[in-house]
There are 2 protein chains.
Amino acid sequence: MAAVVTSPPRGSRAARTRATEDRILSVALESFGTKGFDSVSLDDLAADLGITKQAILYHWSSKRALLDAVIDRAALELIIEFDGALSEEGSGWSRVESIVRRIFRVAMRRPELLGFIREISRIGGDASLRVTADLEPFVSRATTYFEREMDEGRIRRCDSGLLLVSAYSTVLGAATEVEVLRAVGIEPTLRSTVVRRRELLSFLHAAMVAPQALNAQVPR
Amino acid sequence: MAAVVTSPPRGSRAARTRATEDRILSVALESFGTKGFDSVSLDDLAADLGITKQAILYHWSSKRALLDAVIDRAALELIIEFDGALSEEGSGWSRVESIVRRIFRVAMRRPELLGFIREISRIGGDASLRVTADLEPFVSRATTYFEREMDEGRIRRCDSGLLLVSAYSTVLGAATEVEVLRAVGIEPTLRSTVVRRRELLSFLHAAMVAPQALNAQVPR
DNA sequence: ACAAAAACTTACCACTTGGTAAGTGAATCG
DNA sequence: CGATTCACTTACCAAGTGGTAAGTTTTTGT
């Protein structure tokens with residue numbers, strides 16, 4: 001209720017603008033990701049930020065333009081979180097394992113980020129196209145990575161696009177289950193998370209690893 | 001745009017009321033499940049139905065009361081779709097397989113139903129409590145079923161509640177991937193569905209079947 | 001046949017929504 | 001320093017929101 005009175009930053013004007021836009025995008029991502037785009041009004045956002053709605057409309061010409069900016073930021077943060085994992089050391093399987101661990105870490109620490117992506121795919125239309133376009137370089141890298149792993153026999157050969165989408169949805173489903181648990185009143189424990197992650201790794205191992213690659217470490 | 005002029009049903013008053021409420025609940029479930037609760041106004045619903053908003057408010061005192069009714073209907077339909085699978089014939093594993101097949105069938109034919117449940121868990125609060133309460137008898141039955149399967153050694157022993165939630169999220173994630181595919185512009189093909197279902201069954205088999213129960217048919 | 005109740009509609013209303021127009025004090029530039 | 005631009009705020013507004021009040025027609029109980 002009581003607005004947070006933050007003394008305006010004393011840096012250069014450009015820095016101040018950047019800081020404000022950053023704050024707006026951050027709060028918008030959080031709100032849109034947890035409550036949904038239509039459930040959050042510009043007045044709600046402004047109240048959370050301690051500014052007026054028109055301050056937001058000064059930086060972006062419409063609520064929809066703000067959404068586009070939030071999509072870009074969410075995609076960027078996702079790429080930052082996950083892209084590094086593709087470059088990591090280790091054999092094919094252990095790298096997959098590290099990616100999954102990262103996703104779970106993100107799901108635990110920043111559920112609104114994955115929730116936002118889901119929200120966008122429900123809004124559909126231009127929003128979906130935009131997030132798809134934003135993530136294309138990453139998807140492309142991941143596909144190339146999978147193709148190479150298949151070529152070298154560390155992963156069973158299959159449609160790599162299908163594999164990616166399939167892995168995405170399964171992992172996202174398992175990871176965002178945190179939300180469902182919370183909704184039902186069960187605060188997710190560390191143990192339940194560990195159990196789920198282990199089961200998921202077992203699944204991915206069964207689904208992805210080539211049968212002849214028995215030298216790969218079998219989880220569980 | 002042009003309202004569908006349906007001649008009012010000529011049956012008894014009670015039957016007519018039931019038919020109208022049924023139509024409203026059906027359209028509301030569809031809309032809430034795909035667009036989200038806050039994104040659908042009572043005027044939108046009424047326009048889809050060819051009636052006025054006040055006709056809806058005659059049957060339920062508020063939009064929130066309508067949501068509760070939709071929750072009850074969605075839970076009922078879910079139970080109808082899945083509960084029978086628990087009573088089916090067959091060994092432990094083949095029954096799990098039939099449940100998964102059912103879920104995929106529902107996800108393909110009625111994506112809005114699973115989408116609605118997800119929407120509810122995002123709304124949280126009383127709505128989540130209500131759907132949880134509605135589904136409790138089914139969850140209870142499923143838990144009992146799992147416990148018995150474990151007792152008889154057909155499923156590896158573990159926390160049955162955890163197993164249920166885990167299976168729920170994983171299967172729901174895999175099944176509702178249809179939505180994501182559509183959002184990205186890929187109309188899900190029969191083949192991709194078959195592939196995903198096969199992979200999921202492989203996962204569940206690895207995660208659930210007890211190691212010594214090697215007489216169970218191994219999928220894939 | 002007739003009054004009462006049911007199943008609606010038409011007419012409103014207070015409030016919220018995204019968005020516009022005009023003003024204001026501080027930072028920046030000449 | 002002085003004019004101007006920037007980053008806002010205050011003041012509005014038309015459209016849409018959930019919801020109320022008061023009819024109107026059709027079915028129902030007596």
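Every chain is numbered from 1 and lettered A, B, ... according to where its sequence line falls, protein lines coming before strand lines.
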First encountered from the 5' end of DNA chain D, between B:Ala14 and A:Ala55: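 Of the two residues, A:Ala55 wins.
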Would you mind reporting whether [Y] and [X] have side-chain heavy atoms less than 4.5 Å apart?
| X | Y | answer |
| --- | --- | --- |
| B:Thr52 | B:Asp43 | no |
| A:Leu45 | A:Lys53 | no |
| B:Leu66 | B:Leu25 | yes |
| A:Asp72 | A:Arg130 | yes |
| A:Val40 | A:Thr34 | no |
| A:Val106 | A:Phe82 | yes |

Side chain to side chain contact (heavy atoms under 4.5 Å, CB included) evaluation trace for A:Phe37 with A:Lys63: CA-CA 10 Å; A:Phe37 181 66; A:Lys63 192 187 181 186; 3.7 Å; yes
Atom pair CD/CG of A:Glu30 and A:Asp48 - distance to nearest 0.5 Å: 9.0 Å
Distance (rounded to the nearest 0.5 Å) between B:Ile71 CD1 and B:Ile120 CD1: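 Between atom CD1 of B:Ile71 and atom CD1 of B:Ile120 there are 4.0 Å.
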Within the structure, does a side-chain N or O atom of [X] lie under 4.0 Å from either OP1 or OP2 of [N]?
| X | N | value |
| --- | --- | --- |
| A:Tyr58 | D:dC8 | no |
| A:Thr20 | D:dC8 | yes |
| B:His59 | C:dA6 | no |

Heteroatom pairs (N/O) under 3.5 angstrom, protein to nucleotides 22-24 of chain D:
none

Taking atom [atom2] of [N] as reference, at what distance in whole Å does atom [atom1] of [X] sit?
| X | N | atom1 | atom2 | value |
| --- | --- | --- | --- | --- |
| B:Ile24 | C:dC8 | CD1 | C1' | 11 Å |
| A:Ile56 | C:dT20 | CD1 | C1' | 16 Å |
| A:Arg18 | D:dA7 | CZ | C1' | 15 Å |

Members of residues 66-74 of chain B that approach DNA chain D, where some heavy atom sits under 4.0 Å away: none
Protein and nucleotides 1-4 of chain C: nitrogen or oxygen contacts under 3.5 angstrom:
none

Partners meeting side chain to side chain donor-acceptor pair (under 3.5 Å) with B:Glu21 (sequence neighbours left out):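 Side chain to side chain donor-acceptor pair (under 3.5 Å) check on B:Glu21 returns B:His59.
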Partners meeting side chain to side chain donor-acceptor pair (under 3.5 Å) with A:Ser31 (sequence neighbours left out): none
Contact letters for nucleotides 13-19 of chain D, in which S counts primed atoms plus P, OP1 and OP2 and B counts the base, heavy atoms under 4.0 Å: ----SBB
B:Asp38 and A:Lys35 ion-paired at < 4.0 Å: no
B:Ser140 side-chain N/O to B:Glu136 backbone N/O, donor-acceptor pair under 3.5 Å: no
